[in-house]
2 protein chains.
Amino acid sequence: MTTSRPDPEDLTARARIRDAALRHFGEHGFEGATTRAIAETAGVSPGLLRHHFGTKQKLREACDAHLVKLISRINEQAGADTPASGMNYVAASMAALGPYQRYLARALTEGRAEPVFDAMAQMSEQWLAGLDERRSDPPFADRKARATVGTAMALAVGILHEHVSRGLGADVSSQEGAHLLALTLLDLYSHPWLSPEEAAAYRDALDKTRADTGATLRSAKEHPDE
Amino acid sequence: MTTSRPDPEDLTARARIRDAALRHFGEHGFEGATTRAIAETAGVSPGLLRHHFGTKQKLREACDAHLVKLISRINEQAGADTPASGMNYVAASMAALGPYQRYLARALTEGRAEPVFDAMAQMSEQWLAGLDERRSDPPFADRKARATVGTAMALAVGILHEHVSRGLGADVSSQEGAHLLALTLLDLYSHPWLSPEEAAAYRDALDKTRADTGATLRSAKEHPDE
DNA sequence: GAGGATACTATGCGCTTGCATAGGCGGGTG
DNA sequence: CACCCGCCTATGCAAGCGCATAGTATCCTC
């Protein structure tokens, strides 16, 4: 009934347990977290946790599902929003998923939470579609590939936020940290690290080393053209 | 099985244990891995593990230290190398750390392995220094900030390699996957997602929303704590 | 108001874990 | 030879884990 951010006190026990699990899994990892501690944080008995979720594994699946629901809700909202910014879409996602950032980071690095990643990649692809219309030269890779890698890169800041905060000199969740991060991102997204000529040269070199299988990779699958 | 390092048989028991730990910690996480299983993989008794490392925690610290040693060795090598590519430096690092990629990903997302990240960021900063000479307009953020975020983004592909592989349609550790990834990266690094005008506009908007504390950051900033 | 489903707690069991302790083995040194 | 000191194993234990089972309170329905 009340979908708008109720106090933890008002939530059902089931939701409280799930939120506590998100926190504990995020902080200590799945194996490191204990159902007893999760139950205690949620203010219930360990038995109730089992009653609602059955096993620890099922509890994690419920956490994953909750995250997916959150992200899909954000997507709807972003679709209805102005088509302007594909970039502060990611920022908005990170903000909304803020409390669960650590959990999300762990889930993603473990290869889980595929729908979350794919939904974000889908949004990036739309953003790229608009970009490609204004583009003259043919891309090096198809749109989905670029959207995928771009999404991974966009997620990096959230996943590695401790390191980013350390390098920036300000916590990215603080106000000045977020501001500095946004400025840095704007610069990075608008100023390429490689000129088109350099990129083309690298690509040609890449194609060449690919032909003779390279020195680092010693599998002889392709025929040398000598 | 075609690694460049010596056979596990030849390594000392201590090194075998450490390598086994790297694998187990990487696959199951620190808490999920057991000292017994690590010892079994290393082909020794659990007691010997304790003899050499004392506690499980000390074993992890030894793993971290080993990784740092590896990365610093790579850095020396990269420094002696051609100053050409700051980008395939990251690629080289990823290749060298390949067997420990999962461990590294976990360590980084947990905020550990600071020296690894900082060393990479340092390399990125050097790369940026050369770039800034050719640049006319003033950057939005200082060089270290851009190097930090750029490093995080470069690491993302390795950390999220399952998702990237899925999106690319080919495993990034396979030959065609790596090739496709390299092409995609070249395109991304040479074609900005934002025009300078757009970036400037966003920055101005950012400064404005900063004045009135921003509406989007409201929910993320403050969450009620008990 | 009886009856039954649902929400929740108390207690405990079997198992695995990290860690400790005691002892065996082998090669240098006097 | 005796000695000893690193390397290594076997065995065990206290603690904490996930999970099960039995029992109590609370609410909805007819």
Side-chain angles (χ1 to χ4, degrees), chain A residues 1-3 6-66 69 102-103 106-107 110 112, chain B residues 5-66 102-103 106-107 110 112 226:
Chain A
M1 313 214 178
T2 63
T3 47
D7 274 348
E9 299 294 337
D10 301 338
L11 294 171
T12 68
R14 191 185 148 91
R16 280 209 319 274
I17 294 171
R18 189 204 54 222
D19 278 6
L22 253 342
R23 284 233 311 268
H24 279 254
F25 288 157
E27 273 184 47
H28 312 107
F30 177 71
E31 312 281 353
T34 70
T35 57
R36 281 170 165 82
I38 293 170
E40 193 182 1
T41 298
V44 299
S45 71
L48 185 63
L49 189 150
R50 170 174 157 77
H51 172 69
H52 278 301
F53 297 96
T55 68
K56 195 185 182 184
Q57 177 63 37
K58 296 268 193 183
L59 174 57
R60 169 158 76 172
E61 288 165 16
C63 289
D64 283 355
H66 182 62
K69 197 157 63 178
R102 300 205 66 100
Y103 180 92
R106 276 204 149 89
E110 288 170 6
R112 297 198 334 276
Chain B
R5 31 194 84 268
D7 275 349
E9 300 292 337
D10 302 338
L11 295 171
T12 68
R14 191 186 149 90
R16 280 211 319 276
I17 294 172
R18 170 179 36 68
D19 278 6
L22 253 342
R23 284 233 312 269
H24 278 254
F25 288 157
E27 274 185 48
H28 312 106
F30 177 71
E31 312 281 353
T34 71
T35 57
R36 279 167 164 79
I38 292 171
E40 193 183 2
T41 299
V44 298
S45 71
L48 186 62
L49 189 149
R50 169 175 157 76
H51 172 70
H52 278 300
F53 296 96
T55 68
K56 195 184 182 184
Q57 178 63 36
K58 296 267 193 184
L59 174 58
R60 168 157 76 172
E61 288 166 14
C63 289
D64 283 356
H66 183 62
R102 301 204 65 101
Y103 181 90
R106 275 204 151 89
E110 288 170 5
R112 297 198 333 275
E226 55 269 55

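- Between the C1' atom of C/dG18 and the NZ atom of B/Lys58 lies a distance of 16 Å, rounded to the nearest Å.
- Note on B/His52: every side-chain N or O is 4.0 Å or more away from OP1 and OP2 of D/dG6.
- In A/Glu27, the CD atom is crowded: over 12 heavy atoms of neighbouring residues, nucleotides or ligands sit closer than 6.0 Å.
- Checking A/Gln57 against B/Gly47, the closest nucleotide of DNA chain D that is more toward the 5' end is the one next to B/Gly47.
- OP1 or OP2 of D/dG18 lies within a sub-4.0 Å distance of a side-chain N or O belonging to A/Thr35.
- Distance A/His28 NE2 to D/dG16 P: 15 Å, rounded to the nearest Å.
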Run the side-chain contact (heavy atoms from CB on, under 4.5 Å) test on B/Phe30 and B/Gln57 for me, step by step, so that the C-alpha distance in whole Å, both residues' side-chain angles and the decisive distance to 0.1 Å come before the verdict. CA-CA 9 Å; B/Phe30 177 71; B/Gln57 178 63 36; 3.8 Å; yes
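- Distance CG (B/Leu49) to P (D/dG6): 19 Å, rounded to an integer number of Å.
- Within 4.0 Å of B/Ala37, counting heavy atoms only, lies no atom of the nucleic acid at all.
- Comparing atom distances between the B/Arg50 side chain and each of C/dT9, D/dC8, C/dA20 picks out C/dA20 as nearest.
- Using a cut-off of 4.0 Å between Lys/Arg side-chain N and Asp/Glu carboxylate O, A/Arg106 and B/Glu31 are scored as not salt-bridged.
- Not one side-chain nitrogen or oxygen of A/His51 sits closer than 4.0 Å to the OP1 or OP2 atom of C/dC8.
- Regarding B/Ile38, its CD1 atom lies at a distance of 11 Å from the P atom of C/dC19, rounded to whole Å.
- Distance B/Arg16 CZ to D/dC7 C1': 12 Å, rounded to the nearest Å.
- The CD1-C1' distance, from B/Ile17 to D/dT9, rounds to 12 Å in whole Å.
- Rounded to whole angstrom, the span from the CD atom of B/Glu31 across to the C1' atom of D/dG16 amounts to 12 Å.
- Checked against D/dG18, C/dT9, C/dT17, the side chain of A/Leu48 finds its nearest nucleotide in C/dT9.
- In the set C/dT9, C/dG18, D/dC17, the nucleotide with an atom closest to the side chain of B/Lys56 is C/dG18.
- Counting heavy atoms of neighbouring residues, nucleotides and ligands inside a 6.0 Å radius, atom CZ of A/Arg18 exceeds 12 of them.
- B/Ala21 and B/Cys63 make their closest contact through CB-SG, 3.8 Å (heavy atoms, listed as atom of the first residue, atom of the second, distance).
- Taking every side-chain heavy atom of A/Arg36 into account, C/dG12 is the closest of C/dG12, D/dA20, C/dC19.
- Listed nucleotides D/dT9, C/dC19, C/dT9 differ in distance to B/Thr55; the shortest reach to its side chain belongs to C/dC19.
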